[in-house]
2 protein chains.
Amino acid sequence: MARPRAFNEDTVIAQAAEAFARLGYEACSIDDLLLATGLQRGSLYKAFGSKRNIFEQVLTAALGAGFESRGQDLDLLITALKELASEDQPIAAVCREAIATLGESAATVLGTRLLDNLE
Amino acid sequence: MARPRAFNEDTVIAQAAEAFARLGYEACSIDDLLLATGLQRGSLYKAFGSKRNIFEQVLTAALGAGFESRGQDLDLLITALKELASEDQPIAAVCREAIATLGESAATVLGTRLLDNLE
DNA sequence: CTAGTTATTGACTGTTTAGTCAATAACTGC
DNA sequence: GCAGTTATTGACTAAACAGTCAATAACTAG
């Protein structure tokens, strides 16, 4: 129909996920995301709209179907809970669903992952 | 000896603790701390040196002698683990000591507090 | 009262932040 | 080819950021 995208959206989300998981939400700047994805500013904003929206897509991809408590995905969940969930209901909803998947061990699984930051 | 301080250091640390616990480390700006403490920029920096040092004093006060896993103190511990511990050894050391105090229930206690962000 | 010391103030700096946009490029349908 | 559409680029903006500093104020010792 028109000029095609030069990137694959899923790949970009996966690259952004790595950056958010490693740095956390606030500490991960747009420049960090540009570096991680190889995109230019305008392209990132055209495709995703805002930092918060990028994170929402990252989180949905990580915690949606096929969520299996990989370390990186737990880091994203912890970040979402600590930095966003209390003031962002859609993010909180995604978190709730993932936590239901974890069942009664949710607290221990998350706490154990938190403690991994000491090693 | 000279001009006396117009504030009590322990009070200021307690006020800063509330702000850090509520907002997290990165999301808590110096302006947030000035608002919370009522101090002026120069006074805060003269007394504590840097944002990171203020946080270290807050954390030491919260997790040192008399640490009793109050909600606010757990929030500070979680913040320290997630945002600072992996790249700041003195902060990590304070965390380790508090976690030893919590014993084998540490992971569950921290995870449970994390999940409270959903309510 | 004076000299010495330390605390307070708030204007200032340079950097980094998230986000915007006009110009241009790359495509498709005709 | 041409017209229409969407993607890319990177310079740009305004706000927020952590941290500094010269001027001044408030104290103590003598």
When you measure from the side chain of [X], which nucleotide among [options] comes out closest?
X	options	value
B:Pro4	D:dC17, D:dA26, D:dT8	D:dA26
A:Ser29	D:dT20, D:dC17, C:dT17	C:dT17
A:Ser43	D:dC17, D:dT8, C:dA18	D:dT8
A:Tyr45	C:dA18, C:dT17, C:dT6	C:dA18
B:Lys46	D:dT8, C:dT6, C:dT17	C:dT6

Exercise. Any ion pair linking B:Asp32 and B:Arg22 (charged N to carboxylate O, less than 4.0 Å)?
Worked result: no
Exercise. Relative to the 5' end of DNA chain C, which residue comes earlier, B:Leu39 or A:Arg52, by the nucleotide with the nearest heavy atom?
Worked result: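 Result: B:Leu39.
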In whole angstrom, give the distance that lies between atom [atom1] of [X] and atom [atom2] of [N].
X	N	atom1	atom2	answer
A:Arg41	C:dT16	CZ	C1'	10 Å
A:Leu34	D:dG10	CG	P	11 Å
B:Phe48	D:dG19	CZ	C1'	16 Å
A:Ile30	C:dG19	CD1	P	6 Å
B:Lys51	D:dA16	NZ	C1'	12 Å
B:Ile54	D:dA18	CD1	P	10 Å
B:Phe55	D:dG19	CZ	C1'	19 Å
B:Phe7	C:dT6	CZ	P	15 Å

Exercise. Does the side chain of B:Val109 come within less than 4.5 Å of B:Thr112's, by heavy atoms?
Worked result: no
Exercise. Taking side chain as C-beta onward, heavy atoms only, is B:Tyr25 less than 4.5 Å from B:Leu84?
Worked result: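 B:Tyr25 reaches B:Leu84 side chain to side chain.
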For this session: Look at the side chain of A:Arg3 against the base of C:dA25 and say whether a donor-acceptor pair falls under 3.5 Å; ignore hydrogens and angles.
Result: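 Present.
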Problem set entry | Flag if over 12 foreign heavy atoms under 6.0 Å of CZ, A:Arg52 |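 Counting neighbours around CZ of A:Arg52, more than 12 heavy atoms of other residues, nucleotides or ligands fall under 6.0 Å, so yes.
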For this session: Name the nucleic acid region contacted by A:Ala47, choosing base, sugar-phosphate or nothing; use a 4.0 angstrom heavy-atom cut-off, strictly under.
Result: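 Nothing: the residue A:Ala47, judged by heavy atoms under 4.0 Å, touches no strand.
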Exercise. What distance separates B:Gln72 CD from B:Ser69 OG, expressed to the nearest 0.5 Å?
Worked result: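 Going from the CD atom of B:Gln72 to the OG atom of B:Ser69 covers 13.0 Å.
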For this session: Would you please confirm or rule out a distance under 4.0 Å between OP1 or OP2 of C:dG10 and any side-chain N or O of B:Gln40?
Result: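 Yes, B:Gln40 has a side-chain N/O under 4.0 Å of OP1/OP2 on C:dG10.
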